[in-house]
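First up is the structure itself, then whatever we jot down about it.
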Amino acid sequence: MNNLWMSSADLMSHDDDNRSLNHELWLLGCRYEMPDDKSLRMQQDILDAQQDDMFRPPSHDPSYATPHQLAASSSSSSRHGNDHQQQQQQQAAVMSIMWPPDFYQDFTSRFWMTYRYNYPPIRPSHYKTDIGWGCMLRSGQSLLANALLIHFLSRQWRRTSRKHPSHKTYVKITQWFLDELSPRAPFSIHRIALLGKQLGKNIGEWFGPSTISQVIQ
């Protein structure tokens, strides 16, 4: 009750104290230890030092290329492709520094469904994207996909190489959520949107938590 009468400055100070003492990080029931404040400052310095490289436009982007670069681009497309892949790997490496390694490996093994566009239309409508209306549908997909991942591969599973036996199961689960209306994708956004019509939701209309729960069920 005393917090109700704290000044804004006191509340900010109180929150800062809690943050400095709280180095726990939780993900789907698993607890991870965050680095101490000194390590966090060092990690932030590393990120700041890499920021220019991370957000610099790719050298093969024509909108940022000089005439000389455009002239040379036709003979070096494969090299640019490798450069782009290397840049993505560098960005992933930098971001992984900011988090405990075991947490980062866990986090990057989870499914995350989000907005997409230019997939086959959700018939009978002409919608080829769920941007602006599909947030709850994608949230439902993410919850279901991660539940299936834990069910079939366990909570301790982490994404591995394609040669690992578990990779086939991971790919199979991924295919169940492809953006298409087909038997191999029973949990696609197409099927979810069509099932929503049976509950009074038009294609392109935002779902509420109750609707997506009924559709998943």
Handout entry: Salt-bridge present (D106, R155; N to O < 4.0 Å)
Key = yes
Practice task
Using a strict cut-off of less than 4.0 Å between a Lys/Arg side-chain nitrogen and an Asp/Glu carboxylate oxygen, indicate whether D179 and R138 qualify as a salt bridge.
Solution key: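 Between R138 and D179 there is a salt bridge, with a charged N closer than 4.0 Å to a carboxylate O.
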Do the side chains of [Y] and [X] get nearer than 4.5 Å, heavy atoms only?
X    : Y    : result
I212 : Q141 : no
R123 : L181 : no
L144 : F177 : yes
L153 : L148 : no
I122 : S125 : yes
C135 : Y115 : yes
E33  : P100 : no

Practice task
Compute the ring centroids of Y127 and W133, then answer whether they are less than 6.0 Å apart.
Solution key: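 Yes: the rings meet the under 6.0 Å criterion.
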Practice task
Compute the centroid of each ring, for Y170 and then for F111, and state whether the two points are separated by less than 6.0 Å.
Solution key: yes
Exercise for the section: Say whether, by atom type as modelled, one donor and one acceptor occur between the side chain of R116 and the main chain of T114 under 3.5 angstrom. Expected result: no
Practice task
Taking H190 for its side chain and P120 for its backbone only, find out whether a donor-acceptor pair lies under 3.5 Å.
Solution key: yes
Heavy-atom closest pair, residues [X] and [Y]:
X    : Y    : answer
S161 : H167 : O-CB, 3.7 Å
K128 : P121 : CE-CG, 3.7 Å
R110 : I150 : NH1-CG1, 4.4 Å
F207 : M136 : O-CB, 3.4 Å
S166 : T160 : OG-OG1, 3.8 Å
P186 : P183 : CD-O, 3.8 Å

Exercise for the section: Consider only side-chain heavy atoms of I, L, V, M, F, W and Y, link residues closer than 4.5 Å, and tell whether F107 and W99 are in one cluster. Expected result: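 Same hydrophobic cluster.
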Practice task
State plainly whether one hydrophobic cluster holds both V215 and W206, where clusters connect Ile, Leu, Val, Met, Phe, Trp and Tyr through side-chain heavy atoms under 4.5 angstrom apart.
Solution key: yes
Practice task
Apply the side-chain contact (heavy atoms from CB on, under 4.5 Å) test between I189 and each candidate in L137, I203, L194; give the one that qualifies.
Solution key: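 Only one of L137, I203, L194 forms a side-chain contact (heavy atoms from CB on, under 4.5 Å) with I189, namely L137.
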Handout entry: R31 atom CZ, over 12 foreign heavy atoms within 6.0 Å
Key = yes
Exercise for the section: Assess the side chains of S210 and Q214: does a donor N or O sit below 3.5 Å from an acceptor N or O? Expected result: yes
Handout entry: Separation of K201 NZ from L195 CG (nearest 0.5 Å)
Key =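 Nearest 0.5 Å value for the CG-NZ distance: 14.5 Å.
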Handout entry: Distance (rounded to the nearest 0.5 Å) between M113 CE and N146 CG
Key =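 If we round to the nearest 0.5 Å, M113:CE and N146:CG are 7.5 Å apart.
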Practice task
Classify the angle between the aromatic ring planes of W176 and F187 as parallel (below 30°), tilted (30 to 60°) or perpendicular (above 60°).
Solution key: perpendicular
